[in-house]
Amino acid sequence: MKYVIVLVIAIAAIAEGAIYTVGDDMGWMVPPTPDYYASWVSKYYFVENDTLVFNFEEGQHDITVLTKEDFDSCNMTNPLFQTPEPGAVSVEASDTFYFTCSFGQHCAKGQKFAIYFAPAPLPPSPSPSASAAADQSLETRLFKFVTEKKGN
Ligand SMILES: *[C@@H]1O[C@H](CO)[C@@H](O)[C@H](O)[C@H]1NC(C)=O
Ligand SMILES: *[C@@H]1O[C@H](CO)[C@@H](O)[C@H](O)[C@H]1NC(C)=O
C-alpha cells in the first residue's frame, strides 16, 4: 500500500473529534515497559478525526509515523509523517497508523504503538468524554495529516 501524506498546520484549531493524550500523564517517552503504549491504546476506542496529543520536551523525542513493515523493524528511513514538535495530530482517516519516535533506540525500547481509527459514526456527533486531559493542546499548533490509499 502506498500513502500520500498531506500536512496541514492550523493555528489554535479545535478538533472535531475527541482528544486523547498519548500515554496519559506519562506523555510520550521511552516507556517503563515495552507494552506500555499498546496498553494505553487498548483503553480507548478511536474514531477518525480524533486527535492525539503528544506531550514531550522538544529535542528529546519526535513524532514519526511509519508503515507497518518499517514500524515492526524500527526502520526510520522513509517516514510517512514526522515532526520534531510536540503537539496534536488529528487523524482524518479510518485506518491503522504506526506511531513511534525516531530518536536513538527509542522505537526498539517500546516508544511505539499501532492505533486503529474506526470509521466515524453517522451522523457525526460530538464526543463529550476524553477531552479534559489535553486543554493545553488547544493553544499549540494542530498538525493534521490526511492519507489516501493509492492503487491496491
Ligand atoms: C529500511 O527501509 C528502506 C526502504 O524503505 C530499505 O531500503 C532499507 O534496506 C531498510 N533498512 C533495513 C535495516 O531494513
Ligand atoms: C473528518 O475531517 C475531514 C476534514 O475536516 C472532513 O472532511 C470529514 O467530513 C470529517 N469526518 C467526519 C466523520 O467528521
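Order of appearance sets the numbers: ligands from 1, and atoms from 1 within every ligand.
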Practice task
Return the orientation label for the F99 and F97 ring planes: parallel under 30°, perpendicular over 60°, tilted otherwise.
Solution key: tilted

Exercise for the section: Describe, in one word, how the ring planes of Y20 and F46 are oriented to each other, choosing from parallel (under 30°), tilted (30 to 60°) and perpendicular (over 60°). Expected result: perpendicular

Practice task
Please identify each residue that fulfils side-chain contact (heavy atoms from CB on, under 4.5 Å) with Q60, with sequence neighbours left out.
Solution key: E57

Problem - Shortest protein contact, atom 14 (O) of ligand 1 (heavy atom only) - result: N75 ND2, 3.5 Å

Exercise for the section: Could you find the nearest protein heavy atom to atom 4 (C) of ligand 1 and give me its residue, atom name and distance? Expected result: N78 ND2, 3.5 Å

Practice task
Answer yes if a protein heavy atom lies under 4.0 Å from atom 11 (N) of ligand 1, otherwise answer no.
Solution key: yes

Problem - Heavy atoms of other groups near E58 CD, more than 12 under 6.0 Å - result: yes

